[in-house]
4 protein chains.
Amino acid sequence: MQPKRGGLTFTEAARRKQIVAAAIEVIAELGYVRASFAQIAKRAGLSSPGLISYHFANKDELIGQVVAEVYATGGALIRPRADNVATAADALRSFVEGSIAFYDTHRSYMRALMQILNGHPEARERWFDAPNTSELAGIEEVLARGQRDGEFREFPTHTVAVIIRDLLSGALLRLLVTPDLDMAAYTREMAELCHFAVAKP
Amino acid sequence: MQPKRGGLTFTEAARRKQIVAAAIEVIAELGYVRASFAQIAKRAGLSSPGLISYHFANKDELIGQVVAEVYATGGALIRPRADNVATAADALRSFVEGSIAFYDTHRSYMRALMQILNGHPEARERWFDAPNTSELAGIEEVLARGQRDGEFREFPTHTVAVIIRDLLSGALLRLLVTPDLDMAAYTREMAELCHFAVAKP
Amino acid sequence: MQPKRGGLTFTEAARRKQIVAAAIEVIAELGYVRASFAQIAKRAGLSSPGLISYHFANKDELIGQVVAEVYATGGALIRPRADNVATAADALRSFVEGSIAFYDTHRSYMRALMQILNGHPEARERWFDAPNTSELAGIEEVLARGQRDGEFREFPTHTVAVIIRDLLSGALLRLLVTPDLDMAAYTREMAELCHFAVAKP
Amino acid sequence: MQPKRGGLTFTEAARRKQIVAAAIEVIAELGYVRASFAQIAKRAGLSSPGLISYHFANKDELIGQVVAEVYATGGALIRPRADNVATAADALRSFVEGSIAFYDTHRSYMRALMQILNGHPEARERWFDAPNTSELAGIEEVLARGQRDGEFREFPTHTVAVIIRDLLSGALLRLLVTPDLDMAAYTREMAELCHFAVAKP
DNA sequence: CATGAATGAGCGTTCATTCAT
DNA sequence: CATGAATGAACGCTCATTCAT
């Protein structure tokens with residue numbers, strides 16, 4: 001009898017992690033369309049694509065795990081940064097800088113995420129809407145706090161939260177398209193921009 | 001012998017336009033992956049997918065024509081707006097508002113473009129890098145003019161041009177994902193943001 | 001422009017017939033389960049299983065055509081025999097003898113039919129219930145006519161029609177299981193049995 | 001060392017029975033094609049399809065055990081009924097009624113049997129021919145006795161035995177296809193029919 | 001005895017592309 | 001110029017079976 005983790009054997013859990021990692025790499029490099037079970041299995045060193053079907057109910061389950069892994073990793077890195085700060089302005093700056101830093105250090109993760117979002121016909125509703133909404137709510141909360149504390153000027157918090165979220169989307173796209181970008185300069189200017197956008201004049 | 005346009009007969013040119021238009025629609029609606037020759041042919045009212053192969057060397061040539069068509073249409077609508085203004089600040093605002101307006105009125109064009117950028121393995125190098133570089137140069141030129149004329153504060157024109165370009169990318173993504181967005185408000189805030197980002201305090 | 005038959009080209013119609021014929025043979029010989037597109041294509045001399053998908057929307061459409069072909073052939077051979085007789089007793093005998101004769105001369109057709117009925121999860125509702133109901137109605141009509149004309153004794157026509165239909169099912173099973181059966185004797189006895197079952201004592 | 005039954009330990013024998021029972025249920029419900037080891041294992045509450053391979057040499061051995069189980073159960077219920085009667089006519093009626101009653105009370109058994117007969121490529125020769133021949137001999141014996149005792153009219157006993165056997169096949173098919181059949185009426189008519197078929201006028 | 005991980009062949013289907021007519 | 005038939009590779013997935021533990 002092997003010990004288990006939430007109904008999964010040790011080896012089962014390890015295999016799943018291994019396959020998810022290989023899937024991320026392959027999707028990031030070849031794109032979602034070309035990320036077939038055959039390619040993923042080859043990357044993971046598996047003998048047969050059928051082994052992936054053995055460990056995941058179907059392709060959607062695997063892709064869902066990929067998305068979950070990316071969001072879990074990102075959340076674990078970005079959220080704490082924003083929690084350990086005093087003012088709302090610092091929280092906002094922390095969130096923006098943390099997000100861009102995460103995008104920078106996890107480019108293949110983010111490339112895979114974008115590929116899935118654009119390649120899978122129901123990706124948004126299935127895996128993205130919920131975390132995006134919650135992320136948006138987090139930004140809006142910080143903005144509202146800043147207004148309550150008198151740090152920020154008056155503006156419709158929801159609309160500005162959306163715009164800040166979109167700034168980061170644009171930054172991510174840039175990062176993926178221009179790999180040799182001067183990250184320090186880019187991050188600094190972007191943080192400044194966000195600051196100007198919300199701070200009291 | 002029919003009269004020709006650049007080596008193409010009238011009917012040939014018409015057929016190509018028709019196929020490109022159908023391809024844009026299908027890619028925008030079904031995504032790049034599902035935009036098979038069969039689907040495009042059906043949409044264009046053609047009798048056979050083979051006819052597309054007859055008129056285009058291969059799928060890449062067709063996709064390249066789609067990209068070219070989108071950029072040509074966008075350039076024709078956005079550039080004149082920015083040319084007929086006096087100050088650099090007005091040019092910048094005109095460019096930002098014009099871009100978002102174009103995204104808004106040509107959603108299927110832009111959706112197709114994004115699908116191709118994300119779905120085709122070599123889309124960026126082949127079709128996107130050149131027009132993007134030239135667009136970036138245009139923005140940078142306006143920014144430099146603004147600094148020369150004393151309208152804008154000092155900043156590294158290239159980095160800020162990149163950021164402004166990315167703001168628009170983020171806006172485009174938002175537009176495609178949130179179709180019922182309040183465009184007027186969003187555009188206004190975005191333009192303001194760009195203004196704050198570059199204007200002398 | 002090729003001439004057409006109901007929207008189908010000559011060659012298209014010919015190919016479909018050829019594939020249906022090959023499917024009947026393969027299903028009869030290997031059983032429904034092993035009757036893969038690969039086997040059918042090999043039997044039909046096609047270069048690729050994909051060609052079957054080219055001519056039929058999916059496997060169900062092909063199987064449906066097989067069933068239709070068998071029923072059409074059977075109906076064309078059995079019905080006229082029963083129409084050209086005077087009395088209900090003769091019609092019944094004609095139907096029974098005709099059915100068994102058809103089963104005998106079209107064993108692979110009937111074996112394929114039985115394989116589909118047993119192998120396809122929704123075969124009965126999709127393709128068999130309707131023709132079976134209509135066949136049953138035909139038998140019942142003959143029985144009712146026999147009673148009206150005073151040839152047959154009184155009995156519940158529906159129940160007896162069902163039993164006669166089941167007699168033929170049993171005969172078909174026998175035929176498929178015992179290929180070297182003495183058909184003449186078997187048919188004679190079966191016809192006698194049906195006669196005894198309904199005739200006035 | 002555990003005590004054995006024919007080379008099998010107690011647990012071994014119990015496991016085999018359990019697996020055979022699950023196989024019957026699954027084959028009856030899903031059909032032979034979909035009755036995979038995975039489904040049977042799930043139904044039997046086993047942890048792995050591999051366990052079935054462990055207890056049975058291969059799928060054929062399991063299927064053979066299923067057939068044997070059904071025939072054993074049926075023989076144990078039908079034969080005694082026919083043994084405890086005086087006349088051949090009563091024996092025949094008893095056999096017919098007993099068979100239909102068994103079919104009726106063991107529908108999943110019979111459905112599984114039919115699925116195997118139609119789904120397995122060599123089912124008939126391997127598992128069905130022998131018991132069928134012996135059953136046929138039993139019917140023929142009753143018919144011959146009836147003729148010797150002057151109960152039955154003259155007829156070729158073998159052919160009529162075959163036909164009576166086929167009547168039951170037809171009844172079984174009907175039963176499986178029309179679950180809400182009026183069994184009492186159907187059985188009565190069928191028994192009458194058999195009586196008319198053999199009795200002296 | 002039992003388990004779960006692994007294997008590799010085969011399934012139906014889609015696809016861009018070719019080619020004779 | 002246009003057509004429709006054909007091709008063969010690749011896709012996600014299921015299956016009976018094997019085997020180390």
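Lettering follows sequence order; numbering is per chain, from 1.
Mapping B:Val33 and A:Arg15 onto DNA chain E by nearest heavy atom places A:Arg15 at the nucleotide closer to the 5' end. Place C:Lys59 and A:His55 on DNA chain E by their nearest nucleotides, and A:His55 ends up nearer the 5' end. Taking for each of A:Asp60 and D:Ser36 the nucleotide of DNA chain F with the nearest heavy atom, the 5'-most of the two is the partner of A:Asp60.
Between C:Arg34 and E:dG10, a side-chain N or O to OP1/OP2 separation shorter than 4.0 Å is absent.
Note: NZ (D:Lys42) to P (E:dG4) measures 15 Å, nearest angstrom. Regarding C:Phe10, its CZ atom lies at a distance of 16 Å from the C1' atom of E:dT21, rounded to whole Å. Across the protein-nucleic acid pair, A:Arg16 atom CZ and E:dA6 atom C1' stand 16 Å apart, rounded to whole Å. The nearest whole Å value for the distance from the CD atom in A:Glu12 to the P atom in E:dA6 is 8 Å. Atom-to-atom, CZ of B:Phe56 to P of E:dT18 comes out at 15 Å; the value is rounded to the nearest Å. Rounded to whole Å, the distance from CD on C:Glu61 to C1' on E:dG12 is 14 Å. Here the P atom of nucleotide F:dC11 and the CD1 atom of A:Ile63 are 14 Å apart, to the nearest Å. Between B:His120 atom NE2 and E:dA16 atom P the separation is 12 Å, expressed in whole Å.
In terms of modelled atom types and a separation under 3.5 Å, the side chain of A:Arg111 and the main chain of A:Arg107 share no donor-acceptor contact.
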Sequence neighbours excluded and cut-off under 3.5 Å, please list the side-chain donor-acceptor pairs for residues 13-21 of chain A, or say none.
residue : atom : partner : partner atom : Å
A:Arg15 : NH1  : A:Gln18 : OE1          : 2.6
A:Arg16 : NH1  : A:His55 : O            : 3.0
A:Arg16 : NH1  : A:Glu61 : OE2          : 3.4
A:Arg16 : NH2  : A:Glu61 : OE2          : 3.0
A:Gln18 : NE2  : A:Ala44 : O            : 2.8

Sequence neighbours excluded and cut-off under 3.5 Å, please list the side-chain donor-acceptor pairs for residues 22-29 of chain D, or say none.
residue : atom : partner : partner atom : Å
D:Glu25 : OE1  : D:Arg43 : NH1          : 3.0
D:Glu29 : OE1  : D:Arg43 : NH2          : 2.9
D:Glu29 : OE2  : D:Arg43 : NH1          : 3.2

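F:dT21 and E:dC1 have their P atoms separated by 22 Å, given to the nearest Å.
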Item to check | Verdict with reasoning, B:Tyr32 to B:Leu117, per side-chain contact (heavy atoms from CB on, under 4.5 Å) | outcome: CA-CA 9 Å; B:Tyr32 180 78; B:Leu117 176 58; over 6 Å; no
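Pairs passing the salt bridge (charged side-chain N to carboxylate O under 4.0 Å, His left out) check and including a residue from residues 48-57 of chain D, sequence neighbours excluded, do not occur.
Applying the ring-ring contact (aromatic ring centres under 6.0 Å, His included) test to D:Tyr109 and every residue at least two apart in sequence or in another chain returns D:His106. C:Glu122 meets the side-chain hydrogen bond (donor to acceptor under 3.5 Å, both in side chains) test with C:Arg126; sequence neighbours excluded. Not a single ring-ring contact (aromatic ring centres under 6.0 Å, His included) links B:Phe56 to another residue, sequence neighbours left out. Residues that satisfy the side-chain hydrogen bond (donor to acceptor under 3.5 Å, both in side chains) test with B:Tyr71, not counting sequence neighbours, are B:Asn132.
Near DNA chain F, defined here as any heavy-atom distance below 4.0 Å, the residues from residues 44-54 of chain C are C:Ser47, C:Ser48, C:Leu51, C:Tyr54, listed numerically.
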Checklist outcome for this item: Pairs under 3.5 Å (Watson-Crick or G-U), crossing ones as [ ], inter-strand ones as |: DNA chain E comes out as .||||||||||||||||||||
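Residue A:Phe37 is in sugar-phosphate contact alone, with no base atom involved, counting any heavy-atom pair closer than 4.0 Å across all strands shown.
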